[in-house]
Amino acid sequence: MKLLYIDESHDKKNYALCGFLINDINYRKLNADFNSFLKKEFGLEEDQELKGDELFNGREFWKEKTMDERNATLCKIFDFLKNTKGTDFLLAHSAVQKENQHDLYFELLEKIIEKSASVVSKLGKTNRQLLIIFDERQDFKKEKKVFYQIAQKKSEVIKKHKKSCTIVDYGYEGISKFSRMLQIADFVGYFFRNYCSMVECANLFEKETDKRKIEMLKDVFENKIKAKCKMLKKK
């Protein structure tokens, strides 16, 4: 079975979704090893949330760290993620328009699920199952839109892949604060969105991104975890 953890990140320019795909047999060890790594290397306790924006901008737990120290921390975390077993990052993004942010979430969610189903369909006969966990969305809660979208996509997956992939139930809502795997999805999604939004050459309407940030983001997505990333293009 594959577990798919999904979280989003957005700014005025880009909306990004990250699907963290992991083999269920690798979950327990990764969870324990990542908690141990964060505690040993940075002093982050198991019940303290890892948030990319706080680390990137030097807030909360990281407020006493210089930018160079935070950059070194990012490198260590991405080096750790690069070496994890049985994992992939499915990344999708789209330009933002004020009226379509909710639509973009579902459009990108569909792409992530479809790609995950394609990966799962190629596994051994007893492993062709996909369990989806997404971060809680208060803005969709009343209408249960995420569950409906996953249920609809499940029907499409069954028609397309037959017995090659089964989506287990209709997705589960997780709470990022208590899930390291959702935090990983959020962490990578946050930096991927920044990577998509960085400005290398300023113009009259945009401010150039700090060169150190550009170098760091390029190093992450063009070197460190490139082999684990599947960047899904918008149709």
Between Asp11 (side chain only) and Asn14 (backbone N and O only), is there a donor and an acceptor less than 3.5 Å apart? yes

Within the structure provided, determine whether Phe89 and Ile184 are in side-chain contact (heavy-atom separation under 4.5 Å). yes

When the ring planes of Phe221 and Tyr195 are compared, do they come out parallel, tilted or perpendicular, using 30° and 60° as the limits? tilted

Distance in Å, Asn83 CG paired with Asp33 CG, rounded so as to fall on 0.5 Å steps: 11.5 Å

Parallel, tilted or perpendicular: which fits the ring planes of Tyr27 and Tyr5, with parallel below 30° and perpendicular above 60°? parallel

Could you check whether Thr87 and Lys228, counting side-chain N and O atoms only, form a donor-acceptor pair closer than 3.5 Å? yes

Where do His93 and Phe192 land on the ring pair (Phe, Tyr, Trp, His ring centres under 6.0 Å) test, with the steps shown first? CA-CA 9 Å; His93 85 283; Phe192 177 61; 5.8 Å; yes

Looking only at heavy atoms, which two atoms of Leu130 and Cys165 are closest? And how far apart? CB-SG, 4.4 Å

Would you find a donor on one side and an acceptor on the other, under 3.5 Å apart, between the side chain of Glu69 and the backbone of Thr66? yes

Decide whether Lys122 and Ser118 meet the rule of one side-chain donor and one side-chain acceptor closer than 3.5 Å. yes

Where the side chain of Arg193 meets the backbone of Ala16, is there a donor-acceptor pair that is under 3.5 Å apart? no

How long is the gap from CG on Leu17 to OG on Ser9, to the nearest 0.5 Å? 10.0 Å

Go through the steps to decide whether Asp53 and Arg59 satisfy the test salt bridge (Lys or Arg N to Asp or Glu O under 4.0 Å), and finish with yes or no. CA-CA 8 Å; Asp53 66 319; Arg59 298 189 291 105; 2.6 Å; yes

Could you grab the distance from atom SG of Cys196 to atom CG of Leu217, nearest 0.5 Å is fine? 9.5 Å

Spacing of CE belonging to Met67 relative to NZ belonging to Lys213, to within rounding of 0.5 Å: 5.5 Å

Among residues at least two apart in sequence or on other chains, which ones pass ring pair (Phe, Tyr, Trp, His ring centres under 6.0 Å) with Phe78? Phe187, Phe191

Nearest 0.5 Å, please: how far is CG in Leu182 from CG in Leu50? 12.5 Å

Among side-chain atoms of Asp186 and Ser176, is any donor-acceptor pair under 3.5 angstrom? no

Is the number of heavy atoms from other residues, nucleotides or ligands under 6.0 Å of Tyr170 OH greater than 12? no

Glu45 backbone acceptor or donor facing Gln48 side chain under 3.5 Å: yes

Among Lys39, Arg180, Glu46, Lys29, which one satisfies side chain to side chain contact (heavy atoms under 4.5 Å, CB included) with Phe34? Arg180

Would Glu114 and Lys160 satisfy salt bridge (Lys or Arg N to Asp or Glu O under 4.0 Å), going step by step from the backbone distance to the final call? CA-CA 10 Å; Glu114 174 55 39; Lys160 180 174 180 178; 3.0 Å; yes

Donor-acceptor pair, Asn194 side chain versus Tyr190 backbone, under 3.5 Å? yes

Is there a donor-acceptor pair closer than 3.5 Å between any side-chain N or O of Lys13 and the backbone N or O of Ser197? yes

Pair Met198, Lys218 - check side chain to side chain contact (heavy atoms under 4.5 Å, CB included), show working. CA-CA 10 Å; Met198 65 185 182; Lys218 282 189 169 183; 3.7 Å; yes

Does Arg70 reach the main-chain N or O of Leu55 with its side chain, forming a donor-acceptor pair under 3.5 Å? yes

Residues forming a side chain to side chain donor-acceptor pair (under 3.5 Å) with Glu156, sequence neighbours excluded: Lys153

Given 3.5 Å as the limit, does a donor-acceptor pair link the side chain of Asp169 with the main chain of Gly171, or not? no

Thr73/Lys76 under side chain to side chain contact (heavy atoms under 4.5 Å, CB included): CA gap, chis, key distance, verdict: CA-CA 5 Å; Thr73 298; Lys76 286 184 179 180; 5.8 Å; no

How about NZ on Lys65, more than 12 heavy atoms from neighbouring residues, nucleotides or ligands closer than 6.0 Å, or not? no

For the pair Glu173 (side chain) and Ile133 (backbone), establish whether a donor and an acceptor sit closer than 3.5 Å, ignoring hydrogens and angles. no

Are Ile25 and Leu123 connected in a single hydrophobic cluster, I mean Ile/Leu/Val/Met/Phe/Trp/Tyr linked by side-chain heavy atoms less than 4.5 Å apart? no

Joint cluster assignment, Phe178 & Phe61, ILVMFWY side-chain distance < 4.5 Å: no

Are any of the side-chain heavy atoms of Ser116 and Ile112 separated by less than 4.5 Å? yes

Over all atoms of both residues, closest heavy-atom pair of Leu91 and Cys229: CD1-SG, 3.7 Å

Would a line drawn from the ring center of Tyr172 to the ring center of Phe134 be shorter than 6.0 Å? no

Pairwise side-chain contact, Ile6 with Asp135, heavy-atom cut-off 4.5 Å (strictly under): no

Value rounded to 0.5 Å, distance of NE2 in His10 from OH in Tyr105: 10.5 Å

What verdict does the side chain to side chain contact (heavy atoms under 4.5 Å, CB included) test give for Leu74 and Val220, after you've listed the backbone C-alpha separation in whole Å, the side-chain angles of each residue and the deciding distance to 0.1 Å? CA-CA 9 Å; Leu74 286 167; Val220 167; 5.9 Å; no

Pairing of Lys82 and Asp79 as salt bridge, 4.0 angstrom limit: yes

Validation row: Lys177, Asp47 side chains within 4.5 angstrom (heavy atoms): no

